[in-house]
Trainee: 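First the structure, then my questions, so here it is.
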Amino acid sequence: MLDALFEGLLLILHWKAFAFMLLGVGLGFWVGLLPGLGGGTTLALMLPFTYTMSPAEAFAFLLGMHSVVATTGDITSVLFGVPGEGTTAATVLDGYAMAKKGEAGRALGAALMSSLVGAVVGALALALAIPVVRPLVLTFGSPELFMLAMVGIAFIVSLSGEGRGGLRRGFLAGGLGLLCAMVGQDPQAGILRYSLGLLYLWDGLDIVPVLVGIFAIPEIIDLAVRGTAIAGDVSYGRLGKGVTEGIKDTFRHFGLTIRCSLIGTFIGIMPGLGGGVAQWLAYGHATQSARDADERKGFGQGDVRGVLGPGAANNSKEGGALIPTVAFGVPGSSSMAILLGGFFLLGLVPGPDMLTKHLPLTLSMVWTIVLANIITVGASLVFINQLAKLTTIRAHLLIPFIVLLVFIGSYTANNSYGDLVAMLVFGALGYAMVAAGWPRAPFILGLVLGKLAENYLYISTTRYGAAWLGRPVVVVLFLLAVLVIAYPFVQARRSRRRAGARCAS
Amino acid sequence: MVVSAWAVLAATAWPWKAALFPLAIGIPVFLLAAAEFCVAATGRRASAEALAVDFVASQHVDRSLALRRTVATFTWLIAFAGLIVAFGFSLAIPIFVLLYLRTAGGEGWLRSLVLSLVAWACVHGLFVRLLALPFPEGWVQAGLRALP
């Protein structure tokens with residue numbers, strides 16, 4: 001194994017493979033930065049260019065590009081409140097809030113360093129887990145994946161406000177998201193649901209324009225209303241100093257960063273859950289790391305932990321997603337499904353051969369993820385001060401360019417004008433939610449998880465009848481979901497008891 | 001409440017396979033929405049604690065000014081969408097940037113023109129030339145082309 005690890009490193013350090021990796025990193029840097037240019041789409045666009053490359057060069061190029069997309073996607077999320085990637089939406093909640101408080105540098109430092117830690121954890125998981133992951137992947141069938149989606153939905157509680165009113169609104173927003181997930185053709189019976197007679201809605205709502213609209217439009221409007229720069233009247237000097245603070249935050253909350261990296265790795269390993277889930281589960285876990293209700297209120301208003309959690313999970317899921325892809329030929333995400341195409345193009349068959357005959361190549365993927373992220377984070381840190389300066393530009397100079405990003409990002413998802421309309425409609429909805437104090441994150445979580453949950457529920461009931469409810473892992477996950485819902489109440493009760501004891505003394 | 005009621009009513013017309021999940025979600029959502037409506041109807045306001053884990057819109061701007069700017073920004077967004085449909089991305093982008101910077105931004109002609117060209121060049125260079133993404137022409141160009 002050590003020999004293969006060393007051989008994998010040498011494969012990557014060969015000048016041609018390294019050059020292709022750098023090219024991929026450069027491409028991935030901009031793909032992540034620009035909303036709408038999805039990592040998956042770009043992976044598909046780049047596949048034909050790998051025809052003439054050797055396997056090591058091809059994977060250095062493709063993975064070098066794809067593994068840094070989430071890293072730089074966090075940058076746009078922090079600076080402009082526009083998710084650069086669908087998987088970096090959660091970073092907007094606290095990252096952009098920090099930028100508005102003049103802490104853009106700190107948020108960027110935290111996002112980048114936590115991304116690097118997450119990438120290393122995911123890569124390590126890939127290196128260590130491949131020989132042992134088979135029983136884990138085979139244990140998780142449709143019932144377990146459905147219950148995992150329920151655990152994810154239970155995290156809606158963590159993303160809602162306090163008290164009965166906050167929870168009610170959180171669940172309403174999540175329920176609305178789940179209903180929106182059902183728009184389009186029903187996968188079981190082929191019935192058109194909630195399509196309003198529109199051809200555009202036959203395939204359901206695309207996540208990209210909805211995400212971009214619901215997050216970016218309210219921020220653009222708020223920026224226009226304020227009329228100041230994103231960072232308000234904060235002087236630039238303070239912005240620059242925050243980067244080191246953000247990097248230190250990653251190690252100050254190292255336990256949280258590692259836990260969220262493991263969450264991302266686990267979600268990445270589970271085929272069919274998708275990257276969008278990892279960020280929200282990690283964010284929900286980060287909010288639960290708050291010691292009391294007062295601390296929890298800081299989330300969404302610029303708590304650095306709200307940046308660390310999703311930042312780590314987004315990158316660790318890449319290594320995790322590669323595990324079932326390489327070991328079993330079962331793609332861990334939609335991007336991995338595209339990467340599988342690369343395997344076949346290069347004459348490789350995922351499975352036992354990748355763990356025996358081609359083990360050095362598999363381990364070169366580990367090195368690619370680590371090196372690509374080190375290079376990207378290093379390069380970003382060099383430019384971070386210039387990037388942070390963007391938050392001091394006057395709103396009216398910045399708004400047209402942010403609007404361009406939003407519109408192009410929404411349009412290029414499917415090259416459809418309908419996506420522009422969807423983006424505006426959900427933008428208006430997002431603004432109304434913000435104005436009325438309703439949480440947006442549960443809506444997105446419901447939208448992302450709804451289709452998955454319905455599919456797995458249907459497969460579970462068809463295949464197992466009611467017996468799936470008694471499966472051990474299902475029971476454990478059910479108890480975990482109950483724990484996730486109960487935890488904020490327990491925490492609030494403990495806070496009240498402590499406050500009562502303080503008053504008494 | 002209205003949306004969830006409609007969702008539930010629509011689902012009752014479908015076969016059970018298609019209706020199961022919408023009903024399982026729609027009915028609780030309707031009940032929760034009804035509870036929220038009752039709370040709002042009694043005049044009770046959400047407490048500070050109930051406010052979401054999310055950003056809070058700026059409070060320090062005068063309400064009427066905030067409303068005017070909100071409406072203006074939405075109008076600009078809708079207008080840009082209209083420009084895209086009418087003229088295509090290639091023309092809509094510089095027109096929008098120029099008009100926005102001149103009217104809403106109060107910028108001078110030179111700066112507005114330069115930034116419009118920069119915006120067009122960046123989008124054209126990256127999306128059209130490098131990535132060969134298809135931006136269709138607008139209705140105006142298509143209409144002019146169709147003229148004899």
Side-chain angles (χ1 to χ4, degrees), chain A residues 37 45 93 96-97 159-163 165-166 168-172 175-176 178-179 182 186 188-189 191 193-194 217-218 220-222 224-227 287 297 299-301 396-397 399-401 403-404 407-408 411-412 415 417 420-421 424 427-428 434-435 437-441 454 457-458, chain B residues 3-4 7 10-11 14-15 17-18 20-22 25-26 28-29 32-33 35-36 39 46-58 60-61 65-66 69-70 72-74 76-78 80-81 84-85 89 93 96-97 100-101 104-107 115 119 123 126-127 131 133-136:
Chain A
L37 286 182
L45 287 171
L93 290 178
Y96 189 59
L159 303 171
S160 313
E162 292 278 317
R168 191 170 51 238
R169 288 178 168 198
F171 277 111
L172 268 173
L176 193 61
L178 285 167
L179 284 176
M182 293 175 227
D186 145 63
Q188 277 74 252
I191 305 285
R193 298 187 299 194
Y194 309 130
I217 300 293
I220 290 171
I221 291 171
D222 191 61
V225 163
R226 278 187 291 139
T287 61
K297 277 183 215 160
F299 281 88
Q301 316 301 329
H396 288 300
L397 278 178
I399 283 173
F401 294 92
V403 169
L404 282 191
F407 272 73
I408 291 171
Y411 179 79
T412 52
N415 297 323
Y417 286 140
L420 294 182
V421 177
L424 288 171
V434 165
W438 287 57
R440 294 173 294 174
E454 183 179 13
L457 177 64
Y458 178 73
Chain B
V3 169
S4 54
W14 302 329
K17 276 186 206 173
L20 177 64
F21 209 65
I25 302 299
V29 169
L32 279 173
E36 183 71 23
V39 167
S47 64
E49 284 79 23
L51 288 176
V53 174
D54 205 341
F55 100 91
V56 179
S58 301
H60 65 273
V61 181
L65 180 62
R69 285 179 178 174
T70 302
T73 310
F74 264 118
W76 276 109
L77 293 174
I78 294 167
F80 186 36
I84 290 168
V85 171
F89 273 92
I93 287 168
F96 168 74
V97 175
Y100 186 91
L101 288 174
E107 298 293 329
L115 288 175
V123 171
L126 178 61
F127 293 96
L131 294 172
L133 286 175
F135 284 142

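Every chain is numbered from 1, with letters handed out A, B, ... down the list of sequences. Bear in mind that the values here come from a model prediction, so they are computed numbers and not experimental data.
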Trainee: Any side-chain heavy atom of F135(B) sitting closer than 4.5 Å to one from I408(A)?
Mentor: yes
Trainee: For a 4.5 angstrom cut-off between non-hydrogen side-chain atoms, does F407(A) reach L424(A)?
Mentor: yes
Trainee: So Y411(A) and Y417(A), would you call those rings parallel, tilted or perpendicular, with 30° and 60° as cut-offs?
Mentor: tilted
Trainee: Could you tell me which portion of L397(A) (side chain, backbone, both or neither) has an atom closer than 4.5 angstrom to a non-hydrogen atom of chain B?
Mentor: both
Trainee: Counting heavy-atom pairs under 4.5 Å with chain A, which one of A33(B), A11(B), A10(B) comes out on top?
Mentor: A33(B)
Trainee: So, does Y100(B) use its side chain to make a donor-acceptor pair with the main chain of W76(B) at under 3.5 Å?
Mentor: no
Trainee: Heavy-atom distance under 4.5 Å between the side chains of W438(A) and E36(B), does that happen here?
Mentor: yes
Trainee: Under a 4.5 Å heavy-atom cutoff, which of L77(B), V97(B), V29(B) has the most pairs with chain A?
Mentor: L77(B)
Trainee: Would you say that I93(B) contacts F80(B) through its side chain, given a criterion of any heavy-atom pair below 4.5 Å between the two side chains?
Mentor: yes
Trainee: Between E107(B) and chain A, with a heavy-atom cut-off of 4.5 Å, which part of the residue counts as in contact: side chain, backbone, both or neither?
Mentor: side chain
Trainee: If you define the side chain from C-beta out and look only at heavy atoms, does anything of Y458(A) sit under 4.5 Å from L20(B)?
Mentor: no
Trainee: Examine whether an atom of P28(B) lies under 4.5 Å from a heavy atom of chain A, and if so say whether it belongs to the side chain, the backbone or both; otherwise answer neither.
Mentor: neither
Trainee: Looking at L101(B), I25(B), L65(B), T73(B), which has the largest count of heavy-atom pairs under 4.5 Å with chain A?
Mentor: I25(B)
Trainee: Using heavy-atom distances under 4.5 Å, tell me whether F21(B) contacts chain A through its side chain, its backbone, both, or neither.
Mentor: both
Trainee: Give, as side chain, backbone, both or neither, the part of I221(A) having an atom under 4.5 angstrom from any heavy atom of chain B.
Mentor: both
Trainee: Identify which of G26(B), A35(B), P22(B), G105(B) forms the greatest number of heavy-atom pairs closer than 4.5 Å to chain A.
Mentor: P22(B)
